[in-house]
Amino acid sequence: MLRTEEMLLNMGPQHPSTHGVLRLVIKIDGEIIREVDPVVGYLHRGTEKLAEDLTYTQIIPYTDRLDYVSAMTNNYAVVHATEKLMGLEVPERAEYLRMITMELNRVASHLVWVGTYLLDLGAMSPFLYCFQDRETILNLFNELCGARLTYNYMRVGGVKWDAPEGWLQKVEEFVLYMQKELATYHDLISGNDIFLQRTRGIGIYTKEQALSYALSGSNLRVTGVPWDLRQHQSYSLYHQFQFEIPTGETGDVLDKYHLRMQEIEESLKIVKQVLDVIKEGPIMGKVPKVLRVPEGEVYTGVESPRGELGCHIVSNGKNKPWRLKFRRPSFYNLQILPELLKGENISNLVAILGGIDIILGEVDG
Amino acid sequence: MDLFFYLGPIILMLLLLGFVTYAILFERKVIGWIQNRPGPNQVGPWGLFQTIADVAKLLLKEDIVPGKADRALFKLAPIIAFVPAFAILAVIPFTESWQFGDFAVGLLYYIAISSITIIGILTGAWASNNKYSLLGGMRSAAQMISYEIPLVLSVVGIVMTTGSLDLNDIVLAQKKVWFIVPQFLAFLIFLIASLAELNRTPFDLPEAESELVAGYHVEYTGFRFAFFMLAEYVYVFAMASLTTCLFLGGWLPLFGLTMIPGILWFLLKFSLVVFSLFWIRATMPRLRVDQLMQFAWKVLLPLSLLNIFLTAIFKEIPVLSSFY
Amino acid sequence: MFGLLKGLGVTLKNMTKPKVTYNYPAEPIPVPDRFRGIQHFDAEKCIVCNQCALVCPTDCITLTGKRNPDPEKKGKVIEIYDINFEICILCDLCTEVCPTEAIVMTNNFELATYSRDDLFKNMQWLHDNNQNIRQENMSSKPPGAAGGAK
Amino acid sequence: MEITGEFIAFFILSILAICGAVFMIFFTNVVHMGVSMAFTFLSIAGIYFLLNADFLAVIQIMVYTGAISILMLFGIMMTRHKETEEKLNRPIHYGLSIAGAGVLLVSLVLLSRGATFVSDAVDTKGYGIEKIGELFFGTYMIPFELASILLLVALIGSIIIAKKEGQE
């Protein structure tokens, strides 16, 4: 047999398709990958350590910068953990507003994924179409809380802003529009033979593997495990509403695409239901001026678009946490990458890496 | 005649540069429109000077030769890649009278000369001493060699019908009906194979930026990079011209509208082909490298062989034979 | 094969749709009222309570007060008020805690400059930044005071 | 001798061909060798063009420049660890090769003295592709088909051998 040379390829930290500053040290034989070693930490800002020196309100803007495509969920994670530790009551309207923003943020996040994933596969236009629809959501958020990405919207005990005049109608319009618009996406992407060829049958892992690697979110559901914290460890007021947990069958990247498209649909359904029941009311609970969290510790999990976003707070009774730990789903999901890439073609690398849906701000913390 | 002999190529060169300048602008505009944005519109009215500004930028850039590169080959490669791109234009008949070299084997000449470019790409890729560019060059060579075969075989049907390899004869043979109708299968194969030959989406693996950053020209800057770009767009020009000549009846008018000059008809059909290239680019993701090879050898090659058989059979059927 | 044609149809249809981009530097981008831009600071309203500097997550606010020059009045007046926009993240917390609305957000956001020193804004600059001031500043109040209904 | 464009073209092409061949031997870098070989093939195709043998020229470019050189470069780049070869230092080899080249030269000179050349200018324009086609598919039909079957067998054989090695 012809002897071919094994080559060490450094992919990243500056590379168009590593979604930020991930570095992959790849051993390739021709175009076949023998070994992958992901190197993380180029975007590490020490959020957890910084949080030990910040009051609970001050931590919220920092969480915006973890998973910067779904900052609402991050806001909620830390706010929810604090509320649970303090045993605070949150007014109904505030919870509804939180759910609307979180679900819209999930839609926006999945749209970013669909767009960038297709961009990784070489198609340009879906990226821009997705970003146009995401733009509508960002504009809605901009109207609500004055920022497009770093929302800093939620507060311990409620939310910062009530919905402005006519905002809820705009959300409803968007939901109706988006439910129709999804058909266009399916026309453009789902039926494309090249897309099917690129994604079918790659990046498959079993249920056992997924569980042993502690995968969560759509990366776990794609193997057929219907695990969704919104239903199984219900937080906020999700238990009031009806929605399905889509699961995958084959577990390949194509399945992940369909799963995430279905999750967009489900999120829109939740928003629609919330809009039907939302009433006037206070948006802030009875919260003391200076937040002093009682001694103790708490762990809460929130279903972020990428998986289980956990927040573990240890408090020693001061106004600052003694220790704060985020279970950042992207970081955990990334662990399975070396296993998946072994023996794959190098052009599958991008397809598989993109399928995991990592956000480097979250991976590096 | 003599004057034309010497000045002709220079005029063609200038026309070509003009075409490349505005083809790039047109491509960016079309892709912009498809993506609901206006495309380049800042430099000059309607963005007309955008490409000129880009080229000026490329020319003013520092000319970098990587330290570990093979200097001689690194400098030679863009020239090897570009010269054949220009040389193939000699055989394209733009109208009855506008053609530079009337070869009896024009079609073969086109295909043969265009394969030299691969040497330029391959040496450039190797000489840059970069892993990404080497991978890109390898893919490029493998892809272009593989797709040349269905490209040639798809045209065999037309050659059988006209009995000539001369592009002039081929155009004149389409007076009754364009070859896109009787040779539709061949047209599809030709279109796909030409997309692959041009390294355009969905076959732009050699420069797949999501995997190989920029493929074979990763280390090239400034003027040398411009040469590779130029070669690529000249091939777009040439391939669109060839498609027009082979399948769309060249300069021949449609519906007997003979008062419109042939060159305009040619340009019209030509622009249509160029537009569809850009349109496809804006829509499709790219194929995977192994699927690409399988597609060439397992789908396109048998289909083009089938097309040859079908043409041969139809030639013998009394009613149909007038078309073949 | 049919799927490919469908996709081509979608892209072709989009060609005729109106453009969605902003002609940004030529025309200003419309921003909603709640937009969090560069702060406006009103020295007269400030009571030097230091809350904004305390709540700031990045410690970008520096302020000092001095005794009120008018001996009849109690309290302090502001002497130095600087915001370092190299590290300010425009999180809105300072305006949220300000009891007198001395510091409020504006809808201006163009901070780009060639020198990092220019990002250090003093009281005078912040005071002169008085265009497009945000109308609605305290939304967390109980309903009726601010905020809208459905 | 009259200096025409054709003469100048011939001169340039032959110099290119010879230079390519000489460099091919003297270069130490295999990739450089490959590229200079491609130049030789290309110049020979140019000489065919000058002789009005269009078809032959085009096929020369297609097969030798387009396919063989590229495949060689491809193979070299994909498989070799070191691109440069060490110079061999074996006096017997030098002696043998000089002797072999001498014998070749002498025999060529003898042969060319015995052969008869057409002294008048021949109208090469009549020998187009039609003639080649007629000869291939008429007079020499059976040898042509046999040759292509032989090539096919070689192709399939090489695939089988490569596959077997790959499985081991």
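Just so it is clear: chains get the letters A, B, ... in the order the sequence lines come, proteins before strands, and each one is counted from 1. No experiment lies behind these values; they were computed from the predicted model shown.
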Greatest number of heavy atom pairs closer than 4.5 Å to chain C - which of A:Thr55, A:Leu196, A:Leu144, A:Asp53: A:Leu144
Under 4.5 Å from a heavy atom of chain C, the part of A:Thr150 involved: both
Residues, nucleotides or ligands: over 12 heavy atoms within 6.0 Å of A:Gln179 CD: yes
Contacting region of A:Asp64 [heavy-atom separation from chain C under 4.5 Å]: neither
Pair C:Asp92-A:Tyr151, side chain to side chain contact (heavy atoms under 4.5 Å, CB included): steps then yes or no: CA-CA 10 Å; C:Asp92 206 8; A:Tyr151 309 117; over 6 Å; no
Check: A:Arg155 and C:Leu93 side chains under 4.5 Å, non-hydrogen atoms: yes
NZ/C:Lys76: more than 12 non-hydrogen atoms of other groups inside 6.0 Å: no
More than 12 heavy atoms of other groups within 6.0 Å of C:Lys19 NZ: yes
Rounded distance (nearest 0.5 Å) linking atom SG of C:Cys56 with atom CD of A:Gln58: 7.5 Å
Donor-acceptor pair, side chain of A:Tyr129 and main chain of C:Asn14, under 3.5 angstrom: no
CZ/A:Arg323: more than 12 non-hydrogen atoms of other groups inside 6.0 Å: yes
Chain C contact via A:Ile60 - side chain, backbone, both or neither, heavy atoms under 4.5 Å: neither
Greatest number of heavy atom pairs closer than 4.5 Å to chain C - which of A:Asn142, A:Ile189, A:Leu54, A:Asn139: A:Asn142
SB check C:Arg34 A:Glu143 (cutoff 4.0 Å): no
Check: C:Lys6 main-chain N/O paired with A:Asp187 side-chain donor or acceptor under 3.5 Å: no
Interatomic spacing from OG1 in C:Thr21 to CG in A:Leu128 - rounded to 0.5 Å: 10.0 Å
Heavy-atom closest contact (A:Cys145 atom, C:Arg36 atom, distance): O-NH1, 3.1 Å
A:Gln132 (side chain) donor-acceptor with C:Val20 (main chain) under 3.5 angstrom: no
Contacting region of C:Leu90 [heavy-atom separation from chain A under 4.5 Å]: neither
Spacing of CG belonging to C:Asp33 relative to CD belonging to A:Glu165, to within rounding of 0.5 Å: 12.5 Å
Pairwise distance CZ(A:Arg148) to CZ(C:Phe35) - rounded to 0.5 angstrom: 8.5 Å
Chain C contact via A:Ile59 - side chain, backbone, both or neither, heavy atoms under 4.5 Å: neither
Shortest non-hydrogen contact between C:Gly7 and A:Leu188, atoms and distance: O-CD1, 3.6 Å
Chain C contact via A:Arg65 - which portion, at a heavy-atom distance below 4.5 Å: side chain
Most contacts with chain A, counted as non-hydrogen pairs under 4.5 angstrom, among C:Ile89, C:Asn107, C:Leu8: C:Ile89
